[in-house]
2 protein chains.
Amino acid sequence: MPGGHQWRHRFRENACRWTMPREVILDVLSRASRHMSAKEIYASLYAACPGTGLTTVYRTLELLQRLGFVRKFDAGDGQSRYELRGEGTQDHHHHLICTRCGKIIDFRDFIEEELELVKKTEDALAKKHNFQILDHNIEFLGLCDKCR
Amino acid sequence: MPGGHQWRHRFRENACRWTMPREVILDVLSRASRHMSAKEIYASLYAACPGTGLTTVYRTLELLQRLGFVRKFDAGDGQSRYELRGEGTQDHHHHLICTRCGKIIDFRDFIEEELELVKKTEDALAKKHNFQILDHNIEFLGLCDKCR
DNA sequence: TTGTTATTGATAATCATTTTCATTTATAAT
DNA sequence: ATTATAAATGAAAATGATTATCAATAACAA
């Protein structure tokens with residue numbers, strides 16, 4: 001419910017209806033931990049909106065991604081993961097992934113330097129390959145504390 | 001056949017047998033384009049080694065990845081892609097991916113700056129989270145020439 | 001209140017990848 | 001060279017994530 005009105009408004013702007021499953025999925029995404037898989041989200045849904053199908057979860061996530069509200073990424077295991085994307089650069093982060101147990105850690109270190117390099121690379125690449133670059137990912141792979 | 005002896009030797013060192021499917025898969029990987037999916041590799045195999053099963057392709061790729069000869073990555077469509085990893089830093093590269101048509105472009109620009117930043121970040125992250133970092137990926141997502 | 005149309009949920013279908021298991025084959029030992 | 005053995009293979013079935021189908025439902029503009 002908190003912030004619900006803003007979402008509702010952003011949905012309306014895009015000619016999308018504001019429904020219970022969508023509200024609840026957004027709520028789960030905003031309050032629960034990051035990096036949730038479709039199935040995890042589906043499982044978290046039962047309390048607030050029982051009967052919601054896994055199909056709807058996938059469809060909603062696809063919509064949210066298309067509207068730019070959610071970022072989808074792959075952490076190496078066979079399933080996609082989803083996280084709400086914040087507004088400003090304070091939310092900009094990347095992932096540190098344990099290739100053995102799948103643990104994911106967000107990091108925001110060196111964002112300034114990163115953005116500088118990324119911007120430079122992005123400009124050069126965009127020009128060189130005539131690409132319109134919309135996003136980027138940086139991830140580190142390795143073994144976590146417990147798995148090393 | 002060219003370079004086959006080196007591979008054979010590297011396999012032996014790891015107590016792995018040197019078989020026809022493995023030789024042919026390595027050959028395909030080394031001569032064909034990068035970013036091949038399992039099915040593409042499988043399709044390229046017929047001429048040199050008909051009868052090779054898709055299962056064997058997957059198993060071989062898994063082995064090659066485990067031995068560190070091949071890098072597996074995900075380009076956003078539902079399938080994994082594989083590429084031979086070269087030795088030195090001259091082979092170090094990353095990907096520019098078109099999210100609409102799936103086109104993948106390698107880039108090596110700004111590798112020096114990148115490695116510097118990456119090294120710094122890596123050290124800090126490794127210490128901070130007690131992670132043993134083994135690899136990293138940087139990818140840019142956007143629309144290619146034809147799709148924009 | 002009503003009509004239109006997007007959205008939903010159950011089910012089935014798809015697609016990549018993995019497992020199973022009997023058969024074959026590389027290779028070390030004889 | 002022959003043989004024994006464990007690794008590797010291939011066919012087929014199983015799995016698991018994601019997508020398509022379609023009739024029923026619900027949001028919301030009029």
Side-chain angles (χ1 to χ4, degrees), chain A residues 4-5 7-26 28 35-46 48-67 69-70 72-82 99 102, chain B residues 4-5 7-26 28 35-46 48-67 69-70 72-82 99 102:
Chain A
H5 289 61
W7 286 118
R8 185 173 187 151
H9 195 256
R10 296 176 79 180
F11 268 69
R12 284 261 178 73
E13 288 174 345
N14 288 280
C16 293
R17 294 179 180 172
W18 183 244
T19 67
M20 187 57 68
R22 288 175 181 181
E23 175 169 354
V24 174
I25 288 170
L26 273 167
V28 164
H35 331 123
M36 297 188 80
S37 69
K39 220 189 302 184
E40 285 169 349
I41 295 169
Y42 173 67
S44 306
L45 242 49
Y46 191 80
C49 191
T52 307
L54 184 54
T55 306
T56 296
V57 173
Y58 276 108
R59 273 189 296 228
T60 302
L61 289 171
E62 199 269 338
L63 173 66
L64 292 174
Q65 195 200 350
R66 186 151 39 79
L67 296 182
F69 301 162
V70 151
K72 176 181 180 179
F73 73 99
D74 182 287
D77 56 344
Q79 62 202 312
S80 296
R81 296 185 172 272
Y82 304 84
T99 52
Chain B
H5 289 58
W7 286 118
R8 184 174 186 151
H9 195 255
R10 295 176 80 181
F11 267 68
R12 284 261 178 73
E13 287 174 345
N14 288 280
C16 294
R17 294 180 181 174
W18 183 243
T19 67
M20 185 58 68
R22 289 175 180 180
E23 174 170 356
V24 175
I25 289 170
L26 272 166
V28 165
H35 332 123
M36 297 189 81
S37 69
K39 220 187 304 183
E40 285 169 349
I41 294 169
Y42 173 65
S44 306
L45 241 49
Y46 191 79
C49 191
T52 307
L54 184 53
T55 306
T56 296
V57 173
Y58 275 109
R59 274 189 294 227
T60 302
L61 288 170
E62 199 269 337
L63 173 66
L64 291 174
Q65 195 201 351
R66 188 152 38 80
L67 295 183
F69 301 163
V70 151
K72 176 182 180 179
F73 72 99
D74 181 285
D77 57 343
Q79 61 202 312
S80 295
R81 296 185 173 272
Y82 304 84
T99 52

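Proteins come first, then strands; the chains are lettered A, B, ... in the order of their sequence lines, and each starts at number 1. Predicted model, so just to flag it, every value in this text is computed and none were measured.
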Inset, instruction - Can you tell me the distance, in whole Å, between the CG atom of Asp77(A) and the P atom of dA17(D)? - result: 9 Å
Inset, instruction - Taking the six-membered ring of Phe69(A) (Phe, Tyr or Trp), confirm whether the NZ or CZ of Arg10(A) is under 6.0 Å from its centre and within 45° of its axis. - result: yes
Legend entry - Closest listed nucleotide, where the reference is the side chain of Arg12(A) and the choices are dA8(D), dT7(C), dA29(D): dA29(D)
Legend entry - d(CG, Leu54(A); P, dA13(C)) in whole Å: 18 Å
Inset, instruction - Let me know the distance between CD of Glu23(A) and C1' of dA27(D), rounded to the nearest Å. - result: 13 Å
Inset, instruction - Hey, could you give me the CH2/CG distance between Trp7(B) and Leu67(B), rounded to the nearest 0.5 Å? - result: 9.0 Å
Legend entry - Phosphate OP1/OP2 of dT18(D) contacted by Ser80(A) side-chain N/O (<4.0 Å): yes
Inset, instruction - Report the distance from atom CD of Gln79(A) to atom P of dT18(D), rounded to the nearest whole Å. - result: 6 Å
Legend entry - Met20(A) CE to dA6(C) C1', straight-line distance once rounded to whole Å: 17 Å
Inset, instruction - Would you indicate what Ser37(A) reaches in the nucleic acid, counting non-hydrogen atoms under 4.0 angstrom: base, sugar-phosphate, or nothing? - result: nothing
Inset, instruction - Quick one: label Thr19(A) by what it contacts on the DNA or RNA (base, sugar-phosphate, nothing), any heavy atom closer than 4.0 Å. - result: sugar-phosphate
Inset, instruction - Figure out the CG/P separation between Asp74(B) and dA16(C), and round it to whole Å. - result: 13 Å
Legend entry - Between CG on residue Leu64(A) and CD1 on residue Ile25(A), distance to nearest 0.5 Å: 7.5 Å
Legend entry - Atom-pair distance (OH on Tyr42(A); C1' on dG16(D)), nearest Å: 15 Å
Legend entry - Which residue lies more 5' along DNA chain C, comparing Thr55(A) with Pro21(A) via nearest heavy atoms: Pro21(A)
Inset, instruction - Find the distance His9(B):NE2 to dA26(C):P and express it as a whole number of Å. - result: 19 Å
Inset, instruction - Measure from the side chain of Arg17(B), starting at C-beta and using heavy atoms only, and say which of dT7(C), dT27(C), dT18(D) lies closest. - result: dT27(C)
Legend entry - Touch class at under 4.0 angstrom, heavy-atom based, for Arg59(A) against every strand present: base
Inset, instruction - Search all heavy atoms of His35(A) against all heavy atoms of Arg81(A) and return the closest pair with its distance. - result: O-NH1, 2.7 Å
Inset, instruction - Taking the side chain as every heavy atom from C-beta outward, state whether Tyr46(A) and Val24(A) have any atom pair closer than 4.5 Å. - result: no
Inset, instruction - Using a cut-off of strictly less than 4.0 Å, decide whether Tyr58(A) has a side-chain nitrogen or oxygen near OP1 or OP2 of dT19(D). - result: no
